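Structure first, commentary second.
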There are 2 protein chains.
Amino acid sequence: MRRPAKSPPAGRRSAKPHPARAPAAKPYHHGDLRRVLIDAAMQLVGEGGPEAVSVREAARRAGVSPGAPFRHFPSRDALMNAVAEEAQRRFRAEIEAALADAPAGDPLGRFRCLGIAYLRWAMKNPTHFEIISSRRFFDHDRSAGVSSDNAELIGLTERILAEAFSAGQLGACNLKQVQIAGRALVYGFARMHIDGHMPRWGVGEAEVEQTAADVVDLFIAGIAGRAAPSAKV
Amino acid sequence: MRRPAKSPPAGRRSAKPHPARAPAAKPYHHGDLRRVLIDAAMQLVGEGGPEAVSVREAARRAGVSPGAPFRHFPSRDALMNAVAEEAQRRFRAEIEAALADAPAGDPLGRFRCLGIAYLRWAMKNPTHFEIISSRRFFDHDRSAGVSSDNAELIGLTERILAEAFSAGQLGACNLKQVQIAGRALVYGFARMHIDGHMPRWGVGEAEVEQTAADVVDLFIAGIAGRAAPSAKV
DNA sequence: TGTGAATGTAAGCACCGATTACAACGATTG
DNA sequence: CAATCGTTGTAATCGGTGCTTACATTCACA
């Protein structure tokens, strides 16, 4: 891409097409190039953000010619989509693991747990989170598998909120609004962290996790503590 | 950048160096190329997002050779920074105009007004908002003018919240947490809109402005309606 | 009237994404 | 066992990009 630098002609293999019939040297066919390319791209994302991913560099790291990746991905965007799907898969696994540990009897507690887990993962894997959330690198509607992943997560929070409401843990409120506001809150917080806004708001790296929890708690207190339906300002 | 396409060899001027001494034809010196380049870049941002900005295309639109912009901006990033400063200036003007119309006696109302204005501008100028908020295109710490712009806006909301607290419009709460949560909420909502998440959450383009207002109101109700200092969950 | 700083052009580098023609495998068949 | 054919790699190439350097032109000021 735009001057990723970092490529001194680091010893590429001498590119002999293939050593006749030495089976262990360097087989002409890579084995699982697709997988390796995705891994390389993820590594690149981790190093320099989504912009730093180039097909050529991924191919270089896979020890393969610049044109080879296009046998597996029709375009750079397709590669990015594959990376995003992988990231989304990991994200979902983390969320589900966190929810599995949460008490089933306390819906609002589960809601809180969801928010905390979301923020923790996003802040620990900032570039992966960025890839997932940006439509530029990942067309959710196009890739059915992940799209349903996402829809499932949305449905999950919807269900949890509905349970909380039924259990009387929520004041009078519009559940859809609560859901969107909650999502906007954690999404915004995560992106503020990623985009480097936190220092400007007086939140150091050390306090950011505590602040994340505080913010989630503040929101939950806001929707839970509604004494009367005098909510409308 | 990466295949912005859109450039059929549309009639470039025949590039005669300069017509001897015809003063009105095409002066060798552009006049205010810096300004024109920023405008062209802003236009490009509006058309295809920050990724779609290329120095060459900006130069093309300014009717100037590909190397000329580098007399005014040492790098593409510098150009993007200039674009971001311009966008930030417009953003700030909008916010201040909105606040000027808000009643002075109702701090919480002013806070609400601030949030609404923020969201309205962000959703009307999505790409400009994206540039402002992403550190990739704009290093806030580097450009003093805009940095202070931003610091002033942060200080402003801080003051408004403090006033609201003094006026008894807020329940017992940590003001800093409220400020960060509020920011995360509007930032997240704006970015969700930009990143195309809204359809997934069942919010159509027609309802998005109303939803934005609802979400702001929900948040304000949450921090205002605190009956007792039982805030901590 | 000169002269130097400012600002443009032209040419070229390295890198990128993407396409094409060709070569080497490897599995499926006859 | 061997021919074949689809898969997956290479090599070369194209146009686009950011950026640099050498050179040309103009403007403003001494």
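So that the names make sense, note that chain A is the first sequence line, chain B the second, and so on, each numbered from 1. Fair warning: this is a prediction, and the values are worked out from it, not measured in the lab.
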Rounded interatomic separation in angstrom, taking CD from B:E51 and P from D:dG18: 12 Å
Nearest to the side chain of A:A68 - C:dG17, C:dT9, D:dT10? D:dT10
Measure CG/A:L33 against C1'/D:dT10 and give the value in whole Å, please. 13 Å
Measure from the ring center of A:Y187 to the ring center of B:F189 and say whether it is less than 6.0 Å. no
Contacts table for residues 122-131 of chain A: side-chain donor-acceptor under 3.5 angstrom, sequence neighbours left out:
residue : atom : partner : partner atom : Å
A:E130  : OE2  : B:R136  : NH1          : 3.3
A:E130  : OE2  : B:R136  : NH2          : 3.0

May I have the distance from B:R60 (atom CZ) to D:dG16 (atom C1'), rounded to whole angstrom? 8 Å
Would you state whether a donor and an acceptor, one from the side chain of A:R56 and one from the base of C:dG17, lie under 3.5 Å apart? yes
Residues forming a salt bridge (charged side-chain N to carboxylate O under 4.0 Å, His left out) with A:E158, sequence neighbours excluded: none
Protein-nucleotide distance (B:R35, atom CZ; C:dT7, atom P), rounded to Å: 16 Å
Toward the 5' end of DNA chain C, by each residue's nearest nucleotide, A:V55 or A:R71: A:V55
Reckon A:H72 has a side-chain N or O less than 4.0 Å from the OP1 or OP2 of D:dT7? no
Output yes when at least one side-chain N/O atom of B:S54 is less than 4.0 Å from OP1 or OP2 of D:dT17, else no. yes
Short side-chain to backbone donor-acceptor contact, A:K176 and B:G202, under 3.5 Å: yes
Here the distance between atom C1' of D:dT17 and atom CG of B:L79, to the nearest Å, is 14 Å
Send over the distance from A:F70 CZ to D:dT10 P, rounded to a whole Å. 13 Å
